Amino acid sequence: LLYAMLDATVPFVINPVSGVLLLNQSLVGRSQGMYSFLIRATVSNNISSFESFTNVQISVTQRLADELPLFTSSDALVVAENSTVGMQIGVVTAVLSNFPSRQSDISYSLISNMNVFRLNTSSGSLYLEAMLDRETVP
């Protein structure tokens, strides 16, 4: 079984043996978001040859990773030592300035938690999860 692409104007190549499609050039800066091309599969033996065709469509979307989220919330939150466990102590917010319709794709996480705080990964709301004691918790 051998594979072949019948449109050489697309930025993809096909492995003739495995049929795996590979990108053969960068898509950065290209205006085209949809590629359509024909692939032929051929099987041959000593007596005859048969082939079949399929149309492949690849949609290329812009990666959100091309832009880092920008934090818009304050860098500092103040929490009293006698604050109630479970209370919301603040909200962290970030934006993707080039993707205003994709704000819901931002998720938040705590790097170092010490089991003292809980962060809502989608809203950015930060909650107190344990009693604070300045002498034992830095």
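All values derive from a computational prediction rather than experimental measurement.
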For Ser36 and Val56, run side chain to side chain contact (heavy atoms under 4.5 Å, CB included): C-alpha distance rounded to whole Å, both residues' side-chain angles, the deciding distance at 0.1 Å, then the answer. CA-CA 6 Å; Ser36 182; Val56 175; over 6 Å; no

Transitive ILVMFWY side-chain link Val91 to Leu128, under 4.5 Å: no

Answer with yes or no whether the hydrophobic clustering places Tyr127 together with Leu110; edges join I, L, V, M, F, W, Y residues whose side-chain heavy atoms lie under 4.5 Å apart. no

With ring centroids as reference points, do Tyr35 and Phe12 lie under 6.0 angstrom apart? yes

Just so I know, are the side chains of Thr42 and Ser49 near enough to count as touching, which here means a heavy-atom distance under 4.5 Å? yes

Shared hydrophobic cluster for Ile39 and Phe50 (ILVMFWY, side-chain gaps under 4.5 Å): yes

Between CZ of Arg118 and CD1 of Ile89, what distance do you get to the nearest 0.5 Å? 10.5 Å

Side chains of Thr93 and Thr72, donor plus acceptor under 3.5 Å: yes

Leu126 and Val92: CA distance, side-chain angles, deciding distance, side chain to side chain contact (heavy atoms under 4.5 Å, CB included) verdict: CA-CA 7 Å; Leu126 185 63; Val92 293; 5.7 Å; no

Measure from NZ or CZ of Arg40 to the centre of the six-membered ring of Phe53, then state whether that distance is under 6.0 Å and the direction lies within 45° of the axis. no

Do Val13 and Leu2 belong together in a cluster built from hydrophobic side chains that touch within less than 4.5 Å? no

Gln88 and Ser125 have their tightest heavy-atom pair at NE2-OG, 3.9 Å

Using 0.5 Å steps for rounding, measure from the OH atom of Tyr3 to the OG atom of Ser18. 8.0 Å

Over all atoms of both residues, closest heavy-atom pair of Pro11 and Gln25: CB-CG, 3.3 Å

Derivation and outcome, side chain to side chain contact (heavy atoms under 4.5 Å, CB included), residues Leu132 and Val79: CA-CA 9 Å; Leu132 297 176; Val79 182; 3.5 Å; yes

Looking at side-chain heavy atoms only, is the closest gap between Asn115 and Glu129 below 4.5 Å? no

Nearest-0.5 Å distance, CE of residue Met5 to CG of residue Leu38: 9.5 Å

Output, in order, the C-alpha distance, side-chain angles, deciding distance and verdict of side chain to side chain contact (heavy atoms under 4.5 Å, CB included) for Phe37 and Ile58. CA-CA 9 Å; Phe37 49 92; Ile58 297 177; 3.9 Å; yes

Measuring from atom CG of Asn24 to atom CD1 of Ile14, what distance do you get when rounded to the nearest 0.5 angstrom? 12.0 Å

Measure the shortest side-chain to side-chain distance between Thr54 and Ser52 over non-hydrogen atoms and say whether it is less than 4.5 angstrom. no

Let me check something: do Phe117 and Met87 share a hydrophobic cluster, defined by ILVMFWY side-chain heavy atoms less than 4.5 Å apart, either directly or through other members? yes

